[in-house]
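Remarks on the structure that follows.
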Amino acid sequence: MSCSLLEFCRLQELKTVRDYLFHNQTPEPLEEKSQTADNELSWDTSDWESAWDSGNNKEEEEGTAAATVEEETAGQSEPWLQDCVVSLSPCADLLVVAHEHKAVFLSAKWRTDESGREEMTLAVSWTGTLNTEEGECVSSSICIPLASQKRSSTGRPDWTCVVVGFTSGYVRFYTENGVLLLAQLLHEDSVLRLKCRTYEIPRHPGVTEQHEELSILYPAALVTIDGFSLFQSLRACRNQVARAAAAGSDMIQPPPLAYKKWGLQDMDTIVDHSSVGIMTLCVFDQMKNASILGGFNASVKGSPPAMNQYVTVGGGPYTGFYYAIEGSSQPLLSHVALAVASKLTSALFSAASGWLGWSKNKNEEEAVQKQKPKVEPATPLGIRFGLPDSRRHGESISLSPCNTLAGVTDDFGRVTLLDLARGIAVRMWKGYRDAQLGWLQVSEEQGDREFSPSASLPRRHALFLIIYAPRRGILEVWAMQQGPRVGAFTVGKHCRLLYAGYRLMGVNSVTSQGWQLHTQQVCLLDPTNGALRTVNIPFHLALSDKKSERAKDMHLLKRLTTILRSREVEPDFLEREGKNVLLDIKHPAIKKQALESLLSHKNVPVSCLTNITHTVFDTLKQQDPEEVDTALLQLCSSQLKMLQLYSDIQQLHSAAEIEADLENQDSLEGIEDELSSVGPTLKRYAELTSRPSVSFAQDSPDSPLPAQAFLSQMECTEGGELKVVRGSDTDWNHLGNFLFWDCLCGKCPLHKVCDRLQQAGISPQQLLSLLLSMWLQREKEVLQKPNETVRNLHALLIALSNMKGAVEVSWDPQSISPWWQQVRTTCIQSHNVAAALLAALVAYRAAKASITSRADSKLQSEWEAVSLELEQWVVCVRQLEDVLVLQTLLLVPPSQGAAGGTAAQCSIKTLLEGGTGGIADNVSKWVFRHNLSPERLKEIVQKKEGKNMDDKVEQQAGEGRKEEREKSQEDTERTAELLVAVCQRFPHSLSPDLLFAHCCWEYVVQWNKDPEEGRYLCWAVEHLKLVSSPHIQLGISTMMWSTFVVKRFSAATFLIEKVGKAPKDRLCRRDVGMGDKAMTSFLGCCVQLLQILMEADSAVEEVSAPELSVEEVWSGADGPASIAELALEQRGVHYPLVQHHCLLASLLHAAMTFSLKMKPLSLFDSKGKNAFFRDLTTIQLMPSGDMDPGLVSLRQEFLLQVLTNWVQALDDPSSSDSGTGSSPLPSSGPKAGWWPSLCLELGSLLQVNPDILRRHLVCELYNQGLDLRAEEVMLEVEDKDVLGSQLLVLTGQRLCYSLLHSQSQTQAAMELLARLPPTLCTWLKAMDPSELRCPLVPLSQTSRLVGRLIEILPENHAQYVLALHLLEAVEALTTED
């Protein structure tokens, strides 16, 4: 709450610094100095000591004692630091100490102290001599941090330049390492003082933006160097130094320095100065000056001129004010003398460097130094006015950060405060001989602003003057301008007060955006222990008494906050401190804030809160009612009420007495039967929901509710009643838990709890909401003991509904009661279906009892009252029973390896909002998650739970142990029963057609997400086949085609067309989005889909459209239309266009299956090509009439290729060895038995002669050795003559192979060959058996083939005789064998 002196850094090696600077100098005897100091300090100090002791300075006195001991132990050293030139960088990272011609640079370093704490120290980084001319000494120095030009900079300086002034008149610029950058001789006289001004962000729009500059004071002249020009030159010189050090490159001439030089006139002696910056006179002052200078008729310029103000101190006059009008003097350009040679060997040589560079020998160097540079003459500047005091001589001047005030010290031991704008002294302090001055500007804190009347205005700043009186050894802080002394510290008598008065150079309004630069404004350097300390002043010390009181309150609030933040605090201490702080705070708003922060803190016990609030409430009651803040009084009374309620309920929970509730048991009759009827489903549901899950401990419903959480959810109305504030669901459930869970478990008297809550004035509607929320959230615990919890819930519901304001007195049972409607709404919206069903059953009983009692009191009749309310309850209970069965099914986890995913959460509300197809949609998603095949689903739906199903389960169970198989089978059967039960509860919403339609759509949607899974699309088509209604089939297949299939189908077509053959995997993935195998499967599904579409289109005429209905209790569904409804709304398709696409799909499928070369679109004419990929519902111009023979031959060639490849795929001639018939073929893939019939069908559509295809197939089958299959096909061939000729050649090839080319040529075979007719022999030798794919065919088969040949060839055929010869030859061979 008061000023403090904080140590932030410590100097290392102070003795080293002193020894180096004062080498060969003997210190004066200590006794003499002490004696003189005593003599000097022998004045009467009672006036300031009494004023000092009256303040809050207990801490300061303790600090004084400690400092004194430290100084005594260290030994009072001689005041060597007062004789040195000392300067500190505003960033506190570089300190320069110089004496005569020597200097020491100390740089910041971090080190770890004994306790392991990081602390900053200043360690010696460079020592050396700075003089280059005979006899010159250091007279002044400053350290200027230069801003980084990098965009990523956050405001730290790039480097720090040390500027040193000498008695010779030279000003030299060095790096932190002591490397000389440049030297300037701007005036031939001793440099008295160097000062700097840098950019400051204007606090408000009225402030003039000041230019950066370096000012150099000589005894009769003032030089100001433009900051921008200096910044550029220093950067250029430093870069040159770096280059020279690295590579010895040539010197580059840096830009010249722009400076102004003023000859200060009309003042006897000048010892210090301040460059205030640009200022503009107000119009009145301008007129006043004009009339004084120019008389009555003087003319006044339209705009007042901008002027640079300089203030000097010295003698005759004691203070001088100079004004240089902008533009009155042109800036001079100096030649920058680089102190860098082309090769830089060591930084230490910089001390010996000349003005123009390095010299070869001593004579040359002396010659160069004698050539002094040209010194420009000064522009005379007359004094405008001064403060004349002939005997008083000024010693120093210190400018305030806001450039409006300055502090001046003089040889009379006075400190004078100047108002620079008005040019007058406004305040004077006495008794400060050899004083050192500094300024501190403090910004308003965020916390202080909240209670400030100027909260909306920019941040306020307070100004303090720091005075260090070395004779007394004290440091004082004074508030400006006429403020009191706000702090005083006893420090050593040999310290130095270091005040820079500037920040970083090279900053402007753009680059300073977003910088968080911290610079030390004032530092006190103590040479006895090397400590650097800064003054910390709270903003509120600048405020007036009234505001200061508020600031004191703010600090009390901070103190309380600090206590609350500390982890381990004793409750007694916390209570005591809390009471003291709250009673000490005067301002009601802050007192209220403190009380609120105390009440909202989680670590404060309830008893402590109650006692503190009581104390505050009692003190407020004792005050005058008119002076008491009503809001604070209301807060105390309401918080006390809430704390009392919290404590009472906690006591009731810990009470051992449990009341027996017998009066309401009669209305619960029959609920056990209802519970037992839904018992099995509840049990299965509980099993499925009781799986382990991860949650945070603090979110657990069993965690106790702290008082702070209770208070945060309660508020007091104007009528003094309590009201619950609805926060997050978690907080709401926690509160419900706290109030009612023990009542539900039967651990506390629920009627007493309800009475206490009613007494507190909480509305029954809010209590009902809390009860139901908690009941639904704790579903797992409720289902563990349903009978007990249901009984207690019933008692609680009755107790709440009997409260005043629950059920309206005027309620007519024929209308709906808002009270019971609230229960229904909560149950309808809940996803915790089991708990919602139990709550609905209980509420139904309670509502029925209430209605019956009302009817009895009104009618006294024996009839049961029928009411709209009970009807609503019947519907609600029925809906909840349905949802429970459905949710139980959806919770059944899928077997390992299935698609997985999270189970859907159902409630009555979500199902009604899902529309008429919402239920089927949920079940279809479940079917997908469980990977249920269409056939299996069909079995379950049709309830054919016979042998087939058990076999399938056995297959699916795998080869595990018998117990596991039995358990898996049992689970599968239970799941099937559950699905059947769901279908029975929803006979309309889950009719087989609707279920298959939704499953089909779900699978196609999932396939679209992952086209690699071709099985999904196949199963979607299988589900579609199971839909019995052609209308729904037609609509769904149309939607599937247009939504998901046609885009990929067209991409596949164009890809095959472009490649001219079945494309590779990479191309398929790139263009179609799936691999080559998936694309083959996809094209097969396209064929099936288009065939279903054609069949459905043909059947639509014969069957009427189905009527879709919904269960009576679910008739209120309001949401999107189901898939079946959308399907029935689809337009009819154009059959020839579908057939046209089916033709293309079949061709593409064949090409991909057998990896054939083809360009699919080249098999169609222009009409055919144009009709592809159009909307199937539109009528397109289709190909008609005879096709171009060239196209037909291309088509024929392709179909013949397909047949050849199919026969080759059946590469198992051994299967027909038995001669009884061919083995069964697979239903899909290249060996599928339907390929020949498909080719014949395609041939008829593509105008290819089917007989050619059949003959080719017969020949290919015989060629492959598949004689039996060939005989089957031969029966259908029409042109037997041509076939006979083809088969004759094939027979000849077989005989040729067996007689001439076989490895096992027998003697008998050779003899037979000799006996054959010459024509036959010649013919056989001309045959090429290599064309046969299967030449080794049993003779019996060849014999049958020759027999067939004789049958089909007419007798007048040219080759009939050859056939007869062949028959003889085969018979002869057979008999030989």
Side-chain angles (χ1 to χ4, degrees), residues 1037-1038 1040-1063 1067-1068 1070-1073 1079-1080 1082-1094 1097-1098 1131-1203 1205 1238-1253 1256:
S1037 41
T1038 309
M1040 274 172 69
W1041 175 262
S1042 58
T1043 310
F1044 301 110
V1045 178
V1046 70
K1047 193 175 175 186
R1048 292 186 194 275
F1049 179 66
S1050 63
T1053 308
F1054 290 129
L1055 176 62
I1056 296 171
E1057 178 73 19
K1058 186 167 85 175
V1059 179
K1061 60 180 181 180
L1067 291 172
C1068 295
R1070 188 192 70 187
D1071 286 20
V1072 192
M1079 190 161 116
T1080 309
F1082 162 66
L1083 290 169
C1085 292
C1086 289
V1087 176
Q1088 290 187 48
L1089 179 65
L1090 292 164
Q1091 283 171 347
I1092 293 169
L1093 194 48
M1094 290 192 287
D1097 187 51
S1098 306
R1131 289 162 57 199
V1133 293
H1134 183 45
Y1135 188 91
L1137 185 59
V1138 180
Q1139 194 179 39
H1140 189 54
H1141 279 87
C1142 188
L1143 191 59
L1144 176 65
S1146 303
L1147 293 171
L1148 294 174
H1149 186 215
M1152 286 300 293
T1153 305
F1154 298 110
S1155 300
L1156 302 176
K1157 287 188 176 182
M1158 83 174 285
K1159 284 185 175 281
L1161 296 179
S1162 63
L1163 300 182
F1164 296 91
D1165 60 4
S1166 56
K1167 283 184 193 172
K1169 288 176 186 173
N1170 289 336
F1172 284 129
F1173 319 124
R1174 305 281 180 186
D1175 186 359
L1176 297 181
T1177 57
T1178 59
I1179 296 175
Q1180 300 291 332
L1181 197 61
M1182 304 298 296
S1184 59
D1186 290 341
M1187 198 55 62
D1188 176 34
L1191 275 179
V1192 174
S1193 67
L1194 279 173
R1195 293 171 174 182
Q1196 181 179 309
E1197 189 185 333
F1198 176 72
L1199 292 175
L1200 294 178
Q1201 267 188 318
V1202 173
L1203 288 170
N1205 278 274
L1238 176 71
C1239 286
L1240 292 171
E1241 196 181 317
L1242 291 175
S1244 62
L1245 291 170
L1246 293 170
Q1247 298 184 10
V1248 175
N1249 185 351
D1251 209 45
I1252 296 174
L1253 300 175
H1256 178 77

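Just so it is clear, the values below take in all heavy atoms, side chains as well, and ignore hydrogens, waters and symmetry mates.
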Looking at [X] and [Y], would you say the former's side chain and the latter's main chain have a donor-acceptor pair under 3.5 Å?
{"X": "Asn1205", "Y": "Gln1201", "answer": "yes"}
{"X": "His1140", "Y": "Gly1168", "answer": "yes"}
{"X": "Gln1180", "Y": "Lys1167", "answer": "no"}
{"X": "Thr1043", "Y": "Met1040", "answer": "no"}

Using 0.5 Å steps for rounding, measure from the [atom1] atom of [X] to the [atom2] atom of [Y].
{"X": "Leu1240", "Y": "Asn1249", "atom1": "CG", "atom2": "CG", "answer": "10.5 Å"}
{"X": "Cys1085", "Y": "Phe1049", "atom1": "SG", "atom2": "CZ", "answer": "12.5 Å"}
{"X": "His1149", "Y": "Phe1154", "atom1": "NE2", "atom2": "CZ", "answer": "8.5 Å"}
{"X": "Glu1197", "Y": "Leu1156", "atom1": "CD", "atom2": "CG", "answer": "10.5 Å"}
{"X": "Phe1164", "Y": "Leu1144", "atom1": "CZ", "atom2": "CG", "answer": "5.5 Å"}
{"X": "Asp1188", "Y": "Ser1193", "atom1": "CG", "atom2": "OG", "answer": "8.0 Å"}

Below 4.5 Å, heavy atoms only, C-beta onward: do [X] and [Y] meet side chain to side chain?
{"X": "Arg1048", "Y": "Cys1086", "value": "no"}
{"X": "Leu1147", "Y": "Phe1198", "value": "yes"}
{"X": "Ser1244", "Y": "Pro1250", "value": "no"}
{"X": "Met1182", "Y": "Gln1139", "value": "no"}
{"X": "Leu1163", "Y": "Leu1246", "value": "no"}
{"X": "Leu1242", "Y": "Leu1143", "value": "yes"}
{"X": "Met1079", "Y": "Ile1056", "value": "yes"}

So which atom in [X] and which in [Y] form the shortest heavy-atom distance, rounded to 0.1 Å?
{"X": "Met1158", "Y": "Ala1151", "answer": "SD-CB, 3.3 Å"}
{"X": "Lys1058", "Y": "Arg1070", "answer": "NZ-NH2, 3.5 Å"}
{"X": "Val1046", "Y": "Ser1042", "answer": "CG1-O, 3.9 Å"}
{"X": "Ala1051", "Y": "Val1072", "answer": "C-CG2, 4.1 Å"}
{"X": "Lys1159", "Y": "Gly1060", "answer": "CG-CA, 4.0 Å"}
{"X": "Glu1057", "Y": "Ser1162", "answer": "OE1-N, 3.8 Å"}

Step by step, would you call Leu1203 with Leu1253 a side-chain contact (heavy atoms from CB on, under 4.5 Å)? CA-CA 8 Å; Leu1203 288 170; Leu1253 300 175; 4.0 Å; yes
Ring-plane angle category for His1141 and Trp1041, please: parallel below 30°, perpendicular beyond 60°, tilted otherwise.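 Rings of His1141 and Trp1041: perpendicular, over 60°.
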For His1134 and Arg1174, run side-chain contact (heavy atoms from CB on, under 4.5 Å): C-alpha distance rounded to whole Å, both residues' side-chain angles, the deciding distance at 0.1 Å, then the answer. CA-CA 11 Å; His1134 183 45; Arg1174 305 281 180 186; over 6 Å; no
